[in-house]
*Asks:* 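I'd like to ask some things about the structure below.
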Amino acid sequence: MKLGRYELYRSERDAVDEPSRYMRRLSDLAQILDGIDWVLAGGLAIPLTLGGFYRKHYDVDVAFPVEEFPRVEEAMARAGYYLSTYFPMSMFGRMRFAASIPVRWESRLVRRRPRKLKFRELPAVESEPHLITEVDALPYRIENGRFVTCDGRYDFPLERPLVGHRLQTSRGHQIACLNLHYVGAIKETIDHPKHTLDLKVIRNSSVRQAAIAKP
C-alpha cells in the first residue's frame, strides 16, 4: 500500500531474480557507487568469494564508512533511489507490516536514533526499473579496533582485513566483498534457516582451505 512517498510493506517477500542475474544487479550497483569506499556485506559476499551460488538472495547489503554517507546517498539518488527507514507495525497481533518513511542521511531519525536503513527504488516514470530495487545500508565506524555499525546491530573486533575478496565487473568497476570471517560473525547473530545455511557454507570452505594449506 502506498500513501504518497509513505509505504506499507508486508514482512513476507516474494522470491527474487534467478542467480544468473545477480552479477548484472551487482554490476549496476558497482557502477552507481564507483569511486566510493564501500563493501558488499551480506550473504551475496559468500558466493562471490567462493565462486558459486547455492541459494536465492532477497536483498543487497552495502557497508560503508559513515563519513561516506553523503556521497552514497547522493550517488543512489542520482540513480533513482531514496533513503528510508521503517517502523515495525502489526494488525490484530498476527499480520506484520512495516511503515517505510523517507529520510535523509543527516536527519534526526538517522543521527539521534540509529535504526535499519534501506535505499528503495523510486517509481519508474519513463525508464525501465532497476534490477536492484532495495539496498540495505550499513554505515559503520571503526572504534578502538572494532567494526561497529551505526544502527547498533553489529559490533565485533577487527581481527582480519575487512575486505576478503575483490572482483572486477565487465564494465571495469570493482566489488569488494566483506571478509567471510565477518560475514559469519554477522550471520551468527541472526536465527534464520538461510543464515544457518550460510554459516555451514562458510565453515565448510574454511575446512577445505585449511586442508589445502596443510603440508
Side-chain angles (χ1 to χ4, degrees), residues 1-17 21-22 24-33 36-45 56-90 95-124 129-141 147-155 175-178 182-183 186-187 189-190 192 194-195 198:
M1 180 185 300
K2 184 172 181 180
L3 302 173
R5 287 186 64 193
Y6 293 79
E7 301 178 40
L8 295 178
Y9 293 89
R10 286 293 305 272
S11 293
E12 298 177 1
R13 289 174 292 183
D14 295 329
V16 295
D17 307 304
R21 303 186 68 190
Y22 291 148
R24 287 177 56 199
R25 299 168 68 197
L26 293 172
S27 181
D28 286 346
L29 183 62
Q31 183 170 340
I32 292 169
L33 300 178
I36 297 175
D37 183 12
W38 68 283
V39 59
L40 186 66
L44 276 168
K56 291 184 176 181
H57 295 264
Y58 294 86
D59 49 25
V60 179
D61 297 272
V62 171
F64 50 87
V66 67
E67 295 81 9
E68 293 277 22
F69 211 154
R71 297 181 65 202
V72 171
E73 184 177 8
E74 180 182 358
M76 294 297 287
R78 285 198 304 266
Y81 296 84
Y82 68 94
L83 181 66
S84 69
T85 189
Y86 73 95
F87 292 87
M89 302 174 65
S90 64
M95 298 177 64
R96 296 192 301 166
F97 296 84
S100 177
I101 300 175
V103 291
R104 293 294 308 277
W105 74 270
E106 74 274 27
S107 73
R108 188 172 183 275
L109 280 174
V110 175
R111 291 185 295 108
R112 301 294 178 85
R113 189 177 178 184
R115 61 182 69 242
K116 188 172 182 179
L117 300 166
K118 188 186 293 288
F119 287 103
R120 298 186 186 276
E121 183 182 22
L122 287 166
H130 294 90
L131 287 172
I132 302 173
T133 58
E134 296 183 359
V135 176
D136 284 354
L138 293 170
Y140 68 84
R141 295 183 177 89
F147 175 92
V148 182
T149 56
C150 297
D151 61 9
R153 286 187 292 163
Y154 309 122
D155 180 346
I175 299 175
C177 298
L178 185 66
Y182 301 124
V183 175
I186 291 173
K187 298 290 182 180
T189 67
I190 309 170
H192 190 281
K194 71 175 183 180
H195 298 299
D198 288 344

*Asks:* Do L83 and F69 have side chains that approach each other closer than 4.5 Å (heavy atoms only, starting at C-beta)?
*Replies:*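 Touching, per the 4.5 Å side-chain cut-off.
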*Asks:* Do M76 and L33 come close enough that some side-chain heavy atom pair is under 4.5 Å?
*Replies:*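 The answer is yes, as the side chains (C-beta and beyond) meet within the 4.5 Å cut-off.
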*Asks:* What are the two closest heavy atoms between I36 and A75, and how far apart are they?
*Replies:*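 Smallest interatomic distance, heavy atoms only, reads CD1-CB, 3.9 Å.
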*Asks:* Taking S84 for the side chain and K118 for the main chain, is one N or O donor matched with an acceptor at less than 3.5 Å?
*Replies:* yes
*Asks:* Can you establish whether the number of heavy atoms outside R153 located under 6.0 Å from its atom CZ is more than 12?
*Replies:* yes
*Asks:* How many angstroms lie between NE2 in H192 and NZ in K187, if you round to the nearest 0.5 Å?
*Replies:*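 Taking NE2 in H192 and NZ in K187, the distance rounds to 10.0 Å.
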*Asks:* Does the side chain of D151 come within less than 4.5 Å of L117's, by heavy atoms?
*Replies:*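 They are not in contact (no side-chain heavy atoms under 4.5 Å apart), so the answer is no.
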*Asks:* Check whether any side-chain heavy atom of L40 lies under 4.5 Å from a side-chain heavy atom of W38, and answer yes or no.
*Replies:*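 They are in side-chain contact.
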*Asks:* With a 4.5 Å heavy-atom cut-off, do F119 and E73 have their side chains touching?
*Replies:*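 Yes - at least one pair of side-chain heavy atoms lies under 4.5 Å apart.
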*Asks:* Do L178 and I186 make a side-chain contact, defined as non-hydrogen atoms from C-beta onward lying under 4.5 Å apart?
*Replies:*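 Result yes, sub-4.5 Å side-chain heavy-atom pair found.
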*Asks:* Kindly give the heavy-atom pair with the smallest separation between T189 and Y154, and that separation in Å.
*Replies:*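 Looks like OG1-CE2, 3.5 Å.
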*Asks:* Just so I know, are the side chains of Y140 and E68 near enough to count as touching, which here means a heavy-atom distance under 4.5 Å?
*Replies:* no
*Asks:* What closest approach, in Å, do L138 and A41 show between heavy atoms, and which atom pair accounts for it?
*Replies:*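 Minimum heavy-atom separation between L138 and A41: CD1-CB, 4.2 Å.
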*Asks:* Between L44 and V60, is a side chain to side chain contact (heavy atoms under 4.5 Å, CB included) present by the stated rule, with each step listed?
*Replies:* CA-CA 7 Å; L44 276 168; V60 179; 3.9 Å; yes
*Asks:* Using side-chain heavy atoms (C-beta onward) and a distance below 4.5 Å, is F64 in contact with V62?
*Replies:*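 Yes. Closest side-chain heavy atoms under 4.5 Å.
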*Asks:* Looking at Y22 and H57, would you say the former's side chain and the latter's main chain have a donor-acceptor pair under 3.5 Å?
*Replies:*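 The answer is yes, because a donor-acceptor pair under 3.5 Å joins these two groups.
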